[in-house]
Amino acid sequence: VQLQAFGGGLVQAGGSLRLSCAASEMIFSINDMAWYRQTAGKQRELVATITSGGDTTYADSVKGRFTISRDNAKKTAYLQMSSLKPEDTAVYYCYGEVVTIVAGAWGTLGAWGQGTQVTVSS
């Protein structure tokens, strides 16, 4: 069971990046999905969530600048980040409640993607 996050990089303040989170073939579908971020020495912070129906929530620090979306057919979630600030610098992780085979039967479990580094220079 695997989610793969990619799209990070180095960008100047005020710029934009788009992160993607794709599911492996072992995943049949994904319920709620989310993006988190973490900086060294700090706890992982919830950035945005999206339900399978498309309802979204955002951390106050990113409201109006970040947009979470998903393509259920592609089993992929996105995080469009605009007006980036140096304080957005972090490793970004995607998370999903995935439907997959668990112990020989369909089940749901939480899956994390590997982190992707986002660095915003001032």
Those residues at least two apart in sequence (or on a different chain) that pass ring-ring contact (aromatic ring centres under 6.0 Å, His included) with F6 are none
CD on E87 to OG1 on T39, rounded to 0.5 Å: 11.5 Å
Interatomic distance, K75 atom NZ to S24 atom OG [nearest 0.5 angstrom]: 7.0 Å
Under the ring-ring contact (aromatic ring centres under 6.0 Å, His included) rule, what pairs show up with a residue in [range], not counting sequence neighbours?
| range | value |
| --- | --- |
| residues 34-76 | Y36-W112 |
| residues 11-30 | F28-W106 |
| residues 68-94 | none |

Under 3.5 Å donor-acceptor, [X] side chain and [Y] backbone:
| X | Y | value |
| --- | --- | --- |
| T51 | G54 | yes |
| N72 | S52 | yes |
| Q114 | A5 | yes |

side-chain hydrogen bond (donor to acceptor under 3.5 Å, both in side chains) partners of S61, counting only residues at least two apart: R37
Using distance only, find each side-chain donor-acceptor pair of residues 115-122 under 3.5 Å and give its atom names and separation, not counting sequence neighbours.
| unit_1 | atom_1 | unit_2 | atom_2 | d |
| --- | --- | --- | --- | --- |
| T116 | OG1 | G8 | N | 3.0 |
| Q117 | NE2 | A90 | O | 3.4 |
| Q117 | NE2 | T119 | OG1 | 3.3 |

same_hphob_cluster(I27, V102) at 4.5 Å side-chain heavy-atom cutoff: yes
Testing K85, M81, Q80 for side chain to side chain contact (heavy atoms under 4.5 Å, CB included) with R65, which one passes? K85
Between T57 and T49: side-chain donor-acceptor atoms closer than 3.5 Å: yes
